[in-house]
Amino acid sequence: KDQPIAQALAEDHINDVLSNAVALGAAVTAFYVPEVYYLDSIGAIVISTYIVYSWLGVGKEELRKIVGVQADEEKVDEIREVCRQYELQ
């Protein structure tokens, strides 16, 4: 529940369900009522806008988690040592 990958996958699944529902509803309505053929396009715009804003929210949340975060000195030294060993090969 608190894992970022699980939250991202849940958001993705919600977006999939919503986009498919809107697309299906708009396409079926436009098919049976040809006078409102533009509903399919409007539905696509609405769901695309929703997805963009929802993922922007996820991105901002994740960005707050990583900005200003730094590895401790021991971890940095460990990474440097691995780099030195790789460089010597």
Side-chain angles (χ1 to χ4, degrees):
K1 178 182 171 184
D2 293 331
Q3 297 296 320
I5 191 69
Q7 291 173 346
L9 286 172
E11 184 74 31
D12 187 45
H13 291 315
I14 290 169
N15 289 340
D16 288 346
V17 170
L18 287 174
S19 63
N20 288 334
V22 169
L24 183 62
V28 168
T29 302
F31 179 78
Y32 285 109
V33 186
E35 297 81 30
V36 291
Y37 63 90
Y38 51 84
L39 272 184
D40 190 37
S41 298
I42 291 172
I45 291 168
V46 167
I47 198 64
S48 296
T49 303
Y50 168 76
I51 290 171
V52 166
Y53 280 109
S54 69
W55 279 109
L56 281 174
V58 170
K60 284 173 68 176
E61 193 175 306
E62 293 303 313
L63 187 61
R64 273 191 228 115
K65 292 178 183 177
I66 62 172
V67 170
V69 175
Q70 181 177 354
D72 59 23
E73 195 59 38
E74 184 179 315
K75 191 59 141 176
V76 172
D77 289 341
E78 182 182 330
I79 292 170
R80 284 185 181 138
E81 184 59 34
V82 169
C83 291
R84 282 189 202 103
Q85 289 175 3
Y86 178 76
E87 187 178 63
L88 295 175
Q89 292 179 357

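The structure displayed is predicted, hence computed values, not measured ones.
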Tyr53: side chain to side chain contact (heavy atoms under 4.5 Å, CB included) partners, not counting sequence neighbours: Thr49, Leu56
Qualifying salt bridge (Lys or Arg N to Asp or Glu O under 4.0 Å) pairs with a residue from residues 47-62, counting only residues at least two apart or across chains: Glu62-Lys65
When hydrophobic residues are tied together by side-chain contacts of less than 4.5 Å, even through go-betweens, does Val46 share a cluster with Ile51? no
Given the rule that I, L, V, M, F, W and Y join up when any side-chain heavy atoms are under 4.5 Å apart, are Val28 and Phe31 in one cluster? yes
Do you reckon Tyr38 sits in the same ILVMFWY cluster as Val33, going by side-chain contacts under 4.5 Å, direct or chained? yes
Set of residues satisfying side chain to side chain donor-acceptor pair (under 3.5 Å) with respect to Glu11, sequence neighbours excluded: Ser54
With a 4.5 Å cut-off on side-chain heavy-atom distances among I, L, V, M, F, W and Y, is there a chain of contacts connecting Ile42 to Ile47? no
Leu39 meets the side chain to side chain contact (heavy atoms under 4.5 Å, CB included) criterion, sequence neighbours left out, with Thr29, Val36
Connected via hydrophobic side-chain network under 4.5 Å: Leu9 and Trp55: no
CD1 on Ile45 to CG on Asp40, rounded to 0.5 Å: 10.0 Å
Results of salt bridge (Lys or Arg N to Asp or Glu O under 4.0 Å) for Arg64 - residues two or more places apart only: none
Pairs of donor and acceptor atoms involving the side chains of residues 16-26, under 3.5 Å and at least two apart or interchain, shall be tabulated with distances.
residue	atom	partner	partner atom	Å
Ser19	OG	Asn15	O	2.9
Ser19	OG	Asp16	O	3.1
Asn20	ND2	Asp16	O	3.1

Can you tell if the side chain of Ser48 reaches within under 4.5 Å of the side chain of Val52, non-hydrogen atoms only? no
Among residues at least two apart in sequence or on other chains, which ones pass salt bridge (Lys or Arg N to Asp or Glu O under 4.0 Å) with Glu73? Arg80
Applying salt bridge (Lys or Arg N to Asp or Glu O under 4.0 Å), can you list everything that pairs with Glu81, at least two apart in sequence or on another chain? Arg84
Apart from Val67 itself, members of its ILVMFWY cluster (side-chain separation under 4.5 Å) are Leu63, Ile66
